[in-house]
Structure formats: C-alpha cells, structure tokens
Amino acid sequence: MADEDYGIRPGEEAVELPKATDAGVYFIGRIHTPWTRRKDCPKNARESDAPCTIEIDARFAPGLKDIETCTHLVVLYWMDKARRDLVLQVPRHYGEQRGTFALRSPARPNPIAMSVARLIRREENRLVVQGLDCLDGTALLDIKPYFASTDSVPDAVAGWHAARKGK
C-alpha cells in the first residue's frame, strides 16, 4: 500500500502503541471482495451491493450449520492495513477532526470492523453476501446472525453526524 493511503492528515494525532498485545484471536477465514486498493473500497458497507465471498476455514465450517436460514449476518473482520496509532482523525469526506472512538474509521488501536451483510447464498464453506467494505483477502474474525429485534436501535444518534446532515 502506498504511504499516502495511510499517512497522517493535518489535524490528526498518533500515539505510541503498547509494547505487547493483551490477547490473541483466531482468524476463521478470509473475505474476498472486488477491492484491492483502499481508495476503491466503499467508505461504508451500505454504499455497495457488490457480491463478496466469505470463505470459512474447513475446521470451522461445521459452525455454519443453519446459517442459510438467516437473511442478514453481523460480520466482524480485521482491517490489517489500517493504522493503529491514531487517536484523533480528520476523515477525508468530512474534513473535521474527530476522536477515533467517535468514528467508524478502520484506523483504531484494534482495527476491528463490523458490517451487517445480506446473505445471498451458502456454497459449502463459502457465504456469498452483499454489504461489506473491506479489501480482498481481509481476515475474518467472526460471524453472528443479525437479529432486528435485538440489534436495531432506530432512535440511536451520533450527534456530530446528525448535526452535519442538518447543514
């Protein structure tokens, strides 16, 4: 990846990361998407209806039992190309400084991303879905069924974002 894809913009602030990690994770598969460069990737998962394939490692494939009965899935993935040291960011599409934890940016101490994807079909250990925003080959952390009754919060507000939309 080119440095300009991951450099620090004016107004951003990086910190020194801890010397060691606190825990380990198992990547349970890989995500295959049409995007190989950050600038081509949608800025959020709802911007694309491109079909993407989630490939589950064979050892974890039995965990897919009954997943085809779900219309939507919560997909958690590891954005390994993202910076991990930014605490203040200036998103390109907003141009205003925000704290990392007030953003959905992949640049964060633990670059875990989440999308709610529509399940199109299952093909053995592969799931064809719509609604992802990651680079081809991204590591898969977990998949969970999306429950509209539990996961949806229609009155949730990100105040700074709502204020911008009112402009």
Side-chain angles (χ1 to χ4, degrees), residues 1-15 17 21 25-57 60 64 67 70-123 125-146 151-153 156 158 160-162 164-165 167:
M1 296 291 161
D3 283 343
E4 66 267 10
D5 284 345
Y6 301 98
I8 294 180
R9 295 183 187 105
E12 294 186 330
E13 182 179 321
V15 298
L17 294 171
T21 61
V25 298
Y26 296 107
F27 295 151
I28 62 168
R30 292 282 165 179
I31 301 172
H32 303 288
T33 72
W35 310 291
T36 58
R37 298 180 309 173
R38 182 181 181 198
K39 69 180 187 175
D40 298 329
C41 201
K43 81 173 180 187
N44 70 59
R46 297 284 171 118
E47 285 188 353
S48 175
D49 60 359
C52 302
T53 303
I54 299 171
E55 186 169 359
I56 305 295
D57 287 344
F60 298 113
L64 293 174
I67 202 161
C70 302
T71 63
H72 290 76
L73 304 170
V74 175
V75 182
L76 300 166
Y77 39 105
W78 189 261
M79 304 289 259
D80 66 310
K81 303 285 191 275
R83 292 187 68 108
R84 298 183 70 179
D85 60 348
L86 294 181
V87 291
L88 295 175
Q89 299 182 45
V90 180
R92 183 170 307 160
H93 53 284
Y94 288 118
E96 296 176 27
Q97 185 187 68
R98 301 276 178 229
T100 290
F101 304 121
L103 296 169
R104 302 264 319 237
S105 163
R108 48 201 332 104
N110 293 306
I112 298 169
M114 181 207 79
S115 290
V116 174
R118 183 162 88 65
L119 179 59
I120 307 300
R121 68 183 173 278
R122 176 181 173 186
E123 300 169 348
N125 68 322
R126 289 176 300 283
L127 305 174
V128 178
V129 301
Q130 288 177 323
L132 295 179
D133 60 353
C134 59
L135 297 174
D136 187 51
T138 295
L140 178 66
L141 293 173
D142 204 354
I143 302 171
K144 300 171 187 250
Y146 174 84
D151 299 326
S152 177
V153 184
W160 65 266
H161 188 262
R164 282 195 58 88
K165 292 224 177 230
K167 288 184 179 179

Would you check if [X] and [Y] make a side-chain contact, meaning some heavy-atom pair closer than 4.5 Å?
X    : Y    : answer
R122 : L127 : yes
P51  : I120 : no
I8   : R83  : yes
R9   : Q89  : no
F27  : L140 : no

Would you compute the distance between atom [atom1] of [X] and atom [atom2] of [Y] and round it to the nearest 0.5 angstrom?
X    : Y    : atom1 : atom2 : value
K144 : D151 : NZ    : CG    : 9.5 Å
W35  : C52  : CH2   : SG    : 4.0 Å
T100 : E12  : OG1   : CD    : 8.0 Å
R30  : D57  : CZ    : CG    : 8.5 Å
N110 : R84  : CG    : CZ    : 5.5 Å
T53  : H32  : OG1   : NE2   : 7.0 Å

With a 3.5 Å distance limit and no angle check, can you tell me whether [X] reaches the backbone of [Y] through a side-chain donor-acceptor pair?
X    : Y    : answer
R108 : A113 : no
D136 : T36  : no
Q97  : G11  : yes
R118 : D49  : no
T33  : C134 : yes

Knowing that exactly one of L141, D133, I54 qualifies, which makes a side chain to side chain contact (heavy atoms under 4.5 Å, CB included) with Y77? D133
Check V75, I143, V128, L73 against L119 for a side chain to side chain contact (heavy atoms under 4.5 Å, CB included) and give me the one that passes. L73
So, for [X] and [Y], which heavy atoms are closest and what is the spacing to 0.1 Å?
X    : Y    : answer
P111 : P106 : CB-O, 3.5 Å
P145 : V74  : O-CG2, 4.3 Å
S48  : P42  : CB-CG, 3.8 Å

